[in-house]
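Throughout, protein chains are lettered first and strands after them, A, B, ... in sequence-line order, and every chain is numbered starting at 1.
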Number of protein chains: 2
Amino acid sequence: MSQHRPTGPNGRPGGVPALPDLPEATVARLPEYLRALHHIAETGNDTISSEGLAAAAGVNSAKLRKDLSHLGSYGTRGVGYDVALLIDQIEFTLGLDQRRAVALVGVGNLGHALAGYAGFASRGFRIAALFDADQARVGEPINGLDVRHISELAEVAAAESIAIGVIATPAAAAQDVADALVAAGVTSILNFAPCVLSVPEGVDVRKVDLAIELQILSFHEHRKSALTSLPGGLAEEAVGT
Amino acid sequence: MSQHRPTGPNGRPGGVPALPDLPEATVARLPEYLRALHHIAETGNDTISSEGLAAAAGVNSAKLRKDLSHLGSYGTRGVGYDVALLIDQIEFTLGLDQRRAVALVGVGNLGHALAGYAGFASRGFRIAALFDADQARVGEPINGLDVRHISELAEVAAAESIAIGVIATPAAAAQDVADALVAAGVTSILNFAPCVLSVPEGVDVRKVDLAIELQILSFHEHRKSALTSLPGGLAEEAVGT
DNA sequence: AGGCGCTTGTGAACTCGTGCACAAATCGCG
DNA sequence: CGCGATTTGTGCACGAGTTCACAAGCGCCT
């Protein structure tokens with residue numbers, strides 16, 4: 001990640017973090033900008049215009065500029081943005097200057113794949129432990145880590161200072177796992193199980209449901225095929241992410 | 001899925017589909033309502049109030065009512081919604097009354113897991129074919145399906161009338177795969193590769209990036225830990241999905 | 001038959017997000 | 001040194017989405 005911590009223009013003076021209260025929509029796009037910036041850095045470019053970065057991230061350039069302006073003024077008019085500086089700045093904002101430890105619960109079909117997903121390691125995270133409720137799976141080595149029983153969660157979470165948990169269990173087990181994660185001090189959960197989790201205030205939950213994504217696409221398919229039999233054109237652009 | 005196709009109140013008369021031009025935000029929530037409804041149906045309930053369904057789907061009840069009102073008037077005042085009728089209605093709207101064929105490209109770590117994910121089959125989709133560019137993987141049987149070489153894509157897509165494609169390849173290959181899918185007649189793509197795809201007008205793309213989800217959680221972690229050292233309380237609710 | 005309690009459906013205010021369009025700032029060149 | 005080309009940062013208007021609050025409708029009980 002970042003070596004030097006720039007105290008750029010309008011940088012947070014006196015070591016007090018800014019906490020500029022970013023719009024949620026902006027936060028959701030920052031990771032995309034970050035990925036695009038890393039890609040641009042690899043091609044050897046030192047600076048990039050808002051137009052170029054916006055294209056690489058698949059967004060409107062005005063939106064990108066407004067998003068970045070929320071972090072502070074890190075561009076140079078007439079020139080563009082310093083790629084390395086912007087990478088550092090976004091990584092700091094996202095809290096990626098420290099490599100965060102993640103607990104993964106459920107090493108079934110999907111959990112297995114997640115445990116081996118290189119994208120986590122390369123983008124700021126370290127899968128610190130794997131858990132499962134099935135005693136038959138406990139002890140199994142996956143990607144250099146032994147699966148542990150869910151009952152050890154609290155102990156391991158404390159030892160590894162884990163604050164983020166990933167749930168990749170069947171829906172029926174997900175709420176129990178979420179409760180256990182919260183009890184172990186986890187305050188952010190990524191839920192792959194197709195169900196709603198209830199968690200105490202202060203705990204963030206994000207949900208990824210693969211079937212839902214397909215169902216949304218199905219709707220648009222349905223709509224498109226209905227349109228072909230109607231007079232109006234079939235103008236439709238890629239649906240927002 | 002649905003057996004009978006109800007022509008409910010204000011139902012589309014004369015076989016002309018309604019196409020009520022649903023707000024995109026509503027479309028994105030319908031699958032969640034559908035999942036909750038199936039769950040409620042399993043518990044034996046025939047009707048459900050907006051309050052109850054909203055709780056099961058994790059949303060505000062006013063929002064739920066407005067969403068459902070876009071599909072037409074399928075509730076009964078003083079009573080609630082007929083569960084079976086609503087399921088049929090949402091499935092029709094999402095185009096799930098036909099089981100849609102899906103092509104999965106890339107049977108690496110993640111693709112393997114997706115190929116075996118039971119949630120697709122149980123929620124309206126049929127993985128019709130698996131593809132990979134690596135000749136070493138071609139022929140490998142996964143979950144009852146043989147992996148085929150990507151060059152066969154167009155042929156198979158036509159034979160199986162595949163309109164939806166899933167990309168689970170490395171980012172470097174994703175654009176080529178997307179081009180091949182579009183050439184094969186696919187008009188909806190679910191992209192798991194961490195990159196922006198460019199596709200012609202009329203093709204829908206949805207992106208799922210697992211690392212991005214974690215990075216968004218990381219931001220909130222970062223923010224929470226910064227807040228603990230500040231005067232104000234740490235009030236924060238679960239972040240929107 | 002009539003009234004009462006409950007629940008839906010929706011008008012209206014409000015918040016949030018987006019995109020245009022332009023002023024301000026910076027660089028390079030003559 | 002000044003001017004023009006270029007690009008950022010942002011004020012403003014617009015549109016989408018959310019939430020409140022309540023009228024309209026339905027069933028049940030007396």
Side-chain angles (χ1 to χ4, degrees), chain A residues 8-11 18 20-30 32-33 37 40 45-83 85-86 89-90 93 216 236-241, chain B residues 8-11 18 20-30 32-33 37 40 45-83 85-86 89-90 216 237-241:
Chain A
N10 107 342
D21 210 11
L22 298 185
E24 194 58 34
T26 296
V27 174
R29 282 187 294 264
L30 287 182
E32 193 67 46
Y33 302 156
L37 282 166
I40 289 164
N45 290 43
D46 283 353
T47 62
I48 182 77
S49 70
S50 67
E51 201 74 40
L53 181 52
V59 302
N60 179 305
S61 72
K63 180 150 52 179
L64 177 124
R65 285 200 299 277
K66 186 153 289 187
D67 283 342
L68 294 187
S69 76
H70 285 127
L71 311 189
S73 208
Y74 294 102
T76 308
R77 294 171 195 233
V79 177
Y81 296 92
D82 181 298
V83 174
L85 175 62
L86 199 49
Q89 197 51 37
I90 294 180
T93 303
I216 296 173
E236 186 62 33
E237 196 30 41
V239 66
T241 333
Chain B
N10 106 342
D21 211 11
L22 298 184
E24 191 59 36
T26 296
V27 173
R29 281 187 295 264
L30 287 182
E32 191 68 46
Y33 301 157
L37 282 165
I40 288 165
N45 289 45
D46 283 352
T47 62
I48 182 78
S49 71
S50 67
E51 202 73 40
L53 181 52
V59 301
N60 177 305
S61 72
K63 180 150 51 178
L64 178 125
R65 285 200 299 278
K66 185 149 287 190
D67 282 342
L68 294 186
S69 76
H70 286 126
L71 311 188
S73 207
Y74 294 102
T76 308
R77 292 168 195 239
V79 178
Y81 296 92
D82 181 298
V83 174
L85 176 62
L86 200 49
Q89 198 52 37
I90 294 181
I216 296 173
E237 196 31 41
V239 67
T241 334

Exercise for the section: Check whether any side-chain heavy atom of A:V59 lies under 4.5 Å from a side-chain heavy atom of A:L53, and answer yes or no. Expected result: no

Practice task
Could you tell me whether the side chain of B:V83 reaches within less than 4.5 Å of the side chain of B:L37, counting heavy atoms only?
Solution key: yes

Practice task
Could you check how far CD of A:E51 sits from P of D:dT8, rounded to whole Å?
Solution key: 8 Å

Exercise for the section: Nearest whole angstrom, please: distance from the C1' of D:dA16 to the CG of B:L22. Expected result: 14 Å

Completion exercise
Separation of D:dT8 atom P from A:H70 atom NE2, nearest Å, is 17 Å

Exercise for the section: Could you check if a side-chain atom of B:Q89 sits within less than 4.5 angstrom of a side-chain atom of B:Y81, using non-hydrogen atoms only? Expected result: no

Practice task
Look at the side chain of A:R77 and the base of D:dT7, then say whether one donor and one acceptor between them are separated by less than 3.5 Å.
Solution key: no

Problem - A:L53 CG - D:dG9 P separation (whole Å) - result: 12 Å

Handout entry: Nearest-angstrom distance from the residue atom CD1 of A:I48 to P of D:dT6
Key = 17 Å

Exercise for the section: Provide, to the nearest angstrom, the distance between the CG atom belonging to A:D82 and the C1' atom belonging to D:dT8. Expected result: 14 Å

Exercise for the section: With the side chain counted from C-beta on, respond yes when B:I216 and A:L30 share a heavy-atom pair under 4.5 Å apart, and no when they do not. Expected result: no

Handout entry: Distance test, side-chain N/O of B:R29 to OP1/OP2 of D:dT18, below 4.0 Å
Key = yes

Practice task
Look at A:S73 and D:dG9 and indicate whether a side-chain polar atom (N or O) is within less than 4.0 Å of OP1 or OP2.
Solution key: yes

Practice task
Please figure out whether B:G75 or A:T26 has its closest DNA chain C nucleotide nearer the 5' end.
Solution key: B:G75

Completion exercise
Separation of D:dT7 atom C1' from A:L68 atom CG, nearest Å, is 13 Å

Practice task
Name the first nucleotide and the last nucleotide along DNA chain C (5' to 3') that come under 4.0 Å of a heavy atom in chain A.
Solution key: C:dG17 to C:dC27

Exercise for the section: Ignoring hydrogens and angles, state whether a donor on the side chain of A:Y74 or A:D82 is under 3.5 Å from an acceptor on the partner side chain. Expected result: no

Problem - Any donor-acceptor N/O pair, B:S49 side chain to B:G52 backbone, under 3.5 Å - result: yes

Exercise for the section: For the residue pair A:L68 and A:T26, establish whether any side-chain heavy-atom pair is separated by less than 4.5 Å. Expected result: no

Completion exercise
A:L64 CG to D:dG9 P, in whole Å, measures 10 Å

Problem - Selection from D:dG17, D:dG25, D:dG11 that lies nearest to any side-chain heavy atom of A:K66 - result: D:dG11

Fill in the blank from the handout: Per nearest nucleotide of DNA chain D, the residue lying toward the 5' end, A:S69 or A:V79, is A:V79

